[in-house]
Amino acid sequence: MNILWLQSAGCGGCTMSLLCAENPNVLDTLGDAGIEFLWHPSLSVETGCEVQALLSAVERGEIALDVLCFEGSVVTGPRGTGKFHMLAGTGRSMLDWVRALAPMAEHVVAVGTCAAFGGITAAGGNPAGAVGLQYDGRQKGAALDEGFTSRSGLPVINVAGCPTHPAWVIETLLMLAGGALGAGDLDVLARPRFYADHLVHHGCTKNEFYEYKASARTLCEMGCMMEHLGCVGTQAVGDCNIRPWNGEGSCTRGNYPCIACTAPEFEEPGHPFTETPTIAGIPVGLPSDMPKAWFMALASLSKAATPQRIERNAHSDRLVQAPSVKARK
């Protein structure tokens with residue numbers, strides 16, 4: 001299976017994330033599965049006329065394209081022309097190339113939230129007209145039509161994340177190579193369900209604090225960050241805490257709240273990322289699968305039953321009181 005990887009408006013962070021895959025690294029993993037790059041802007045030696053010739057051959061159907069991976073948002077400005085991002089030397093906009101190459105691909109994969117939904121590059125007034133491949137935020141129909149499907153019959157596969165987890169990209173490509181990813185394996189936003197059926201909350205190291213609603217008040221404290229510090233891990237999709245980045249880290253493990261970077265329009269939550277909006281002291285964003293009344297009743301009981309050890313640790317930057325010997329018997 002071959003891959004053509006293009007980049008547009010973005011920071012290149014998803015490629016950097018992918019290259020951080022380890023045990024084994026991304027090139028060994030894909031190579032062992034018979035997956036190779038026709039071209040990648042950071043990995044391939046071809047440049048200039050060589051790349052132009054490759055793109056033209058793919059467009060003409062002379063080179064079969066198995067997977068078109070796209071990183072970064074697609075720039076549509078000014079006035080829908082896409083000329084804010086011309087693909088150097090071709091005289092054509094990246095928007096034009098995307099629309100020409102996507103129908104030639106067996107599969108189209110949006111790598112990262114910018115490519116999926118517009119992401120950070122679509123924040124603010126968005127003068128560049130940055131959009132995702134098939135979604136403009138939550139609205140379907142963007143650089144590619146709402147009804148677009150690749151030659152496989154699938155829509156754009158949105159491997160969202162900012163940056164996306166290297167294992168999500170690798171697993172998606174391996175599943176495509178093995179014919180193991182179909183329409184039923186994608187959620188309502190066309191994200192692969194192997195990670196989108198999980199919540200970031202699952203496996204979070206702060207779950208004991210969450211259960212007792214022992215909340216951190218500043219980012220340096222160990223407690224749960226949902227009540228005061230803007231964490232939306234109970235609502236955000238991703239298995240970041242089940243398979244940590246590089247086997248070690250995640251946002252919440254690093255004492256930073258989950259900001260739902262796998263979701264459309266996460267870049268503009270309407271409040272600072274590290275603040276929890278409330279109404280009469282009650283967080284606006286509550287767990288997605290729990291009625292508000294149940295949550296409030298449970299929270300009150302949990303706070304009343306919080307062990308002293310958990311309360312002390314919640315407001316510390318390190319473990320200050322371990323479970324008692326009696327509690328371990």
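Side-chain contact between Q235 and L199 is absent, with no heavy atoms from C-beta onward closer than 4.5 Å. Side-chain contact between L68 and W5 is absent, with no heavy atoms from C-beta onward closer than 4.5 Å. Looking at heavy atoms from C-beta onward, T76 lies out of side-chain contact with F84 at the 4.5 angstrom threshold. Considering only heavy atoms from C-beta on, T262 comes within 4.5 Å of R191 through its side chain. L87 places a side-chain heavy atom less than 4.5 Å from the side chain of L55. Using a 4.5 Å cut-off on side-chain heavy atoms (C-beta onward), I310 and E208 make contact. For the pair D317 and T218, the minimum side-chain heavy-atom distance is 4.5 Å or more. The closest side-chain heavy-atom distance from L219 to P257 is below 4.5 Å.
In summary, the side chains of S152 and H107 do present a donor paired with an acceptor at a separation below 3.5 Å, with no hydrogens or angles considered. A donor atom on one side chain and an acceptor atom on the other are not found under 3.5 Å apart for T205 and N241. Between the side chains of W245 and S250, no donor N or O sits under 3.5 Å from an acceptor N or O. If you check the side chains of Q321 and R312, you find a donor sitting under 3.5 Å from an acceptor. Between the side chains of T15 and H40, at least one donor N or O sits under 3.5 Å from an acceptor N or O.
Checking side-chain atoms of H271 against main-chain N and O of E275 turns up a donor-acceptor pair under 3.5 Å. Checked by atom type and distance alone, the side chain of E36 never pairs as donor or acceptor with a backbone atom of M1 at under 3.5 Å. A donor-acceptor pair is defined here as one N or O able to donate and one able to accept, closer than 3.5 Å; such a pair exists between the side chain of N158 and the backbone of L189. For the pair S8 (side chain) and V74 (backbone), a donor-acceptor distance under 3.5 Å is absent. Remark: side-chain polar atoms of D197 are not paired, donor with acceptor, to backbone N or O of F194 under 3.5 angstrom. Under the 3.5 Å distance criterion, the side-chain polar atoms of E265 are matched with a main-chain donor or acceptor of R138. Side chain of H165 to backbone of R243: a donor-acceptor contact under 3.5 angstrom is found.
One hydrophobic cluster, built from ILVMFWY side chains closer than 4.5 Å, holds both V169 and F37. Residues L144 and M94 fall within the same hydrophobic cluster, defined by Ile, Leu, Val, Met, Phe, Trp and Tyr side chains chained together at heavy-atom separations under 4.5 Å. Connection of L43 to L65 is not established within any shared hydrophobic cluster, with ILVMFWY side chains joined at heavy-atom distances below 4.5 Å, either directly or through further cluster members.
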>> Apply side chain to side chain contact (heavy atoms under 4.5 Å, CB included) to residues C231 and C258 and explain how you reach the verdict.
In response: CA-CA 5 Å; C231 185; C258 171; 3.8 Å; yes

> What's the verdict on side chain to side chain contact (heavy atoms under 4.5 Å, CB included) for F266 and F117, showing C-alpha distance, side-chain angles and the deciding distance?
Replying inline: CA-CA 10 Å; F266 87 95; F117 309 120; over 6 Å; no

> What's the verdict on side chain to side chain contact (heavy atoms under 4.5 Å, CB included) for Y210 and M226, showing C-alpha distance, side-chain angles and the deciding distance?
Replying inline: CA-CA 8 Å; Y210 169 82; M226 173 189 168; 3.7 Å; yes

> Are I3 and L173 close enough, and set up right, to give a side chain to side chain contact (heavy atoms under 4.5 Å, CB included), and what steps lead you there?
Replying inline: CA-CA 9 Å; I3 298 170; L173 295 176; 3.7 Å; yes

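To the nearest 0.5 Å, the span separating CG on D28 from CG on N25 amounts to 4.0 Å. Between M104 atom CE and D66 atom CG the span is 12.0 Å, to the nearest 0.5 Å. Rounded to the nearest 0.5 Å, atoms CG (L19) and CG (L27) are 7.0 Å apart. One distance of note links CD of E71 with CG of L133; it measures 11.5 Å at 0.5 Å rounding. Taken from CZ in R193 to NE2 in H198, the straight-line distance is 10.0 Å, to the nearest 0.5 Å. Atoms CD and SG, on Q7 and C69 in that order, are 11.0 Å from each other to the nearest 0.5 Å.
E146 and K140 are not joined by a salt bridge, as no carboxylate oxygen comes within less than 4.0 angstrom of a charged side-chain nitrogen. Checked for salt-bridge contact, E221 and K206 miss the test: no charged N lies under 4.0 Å from a carboxylate O. Between E311 and K213, none of the side-chain N atoms (NZ, or NE/NH1/NH2) sits under 4.0 Å from a carboxylate O, so this pair counts as no salt bridge.
By the 30° and 60° cut-offs, the orientation of the rings of W168 relative to Y195 is parallel.
Annotation for V51 and E46: closest pair CG2-O, 3.5 Å, computed over non-hydrogen atoms.
Considering V111, V156, V98 in turn, V98 is the only one that fulfils the side-chain contact (heavy atoms from CB on, under 4.5 Å) rule with F70.
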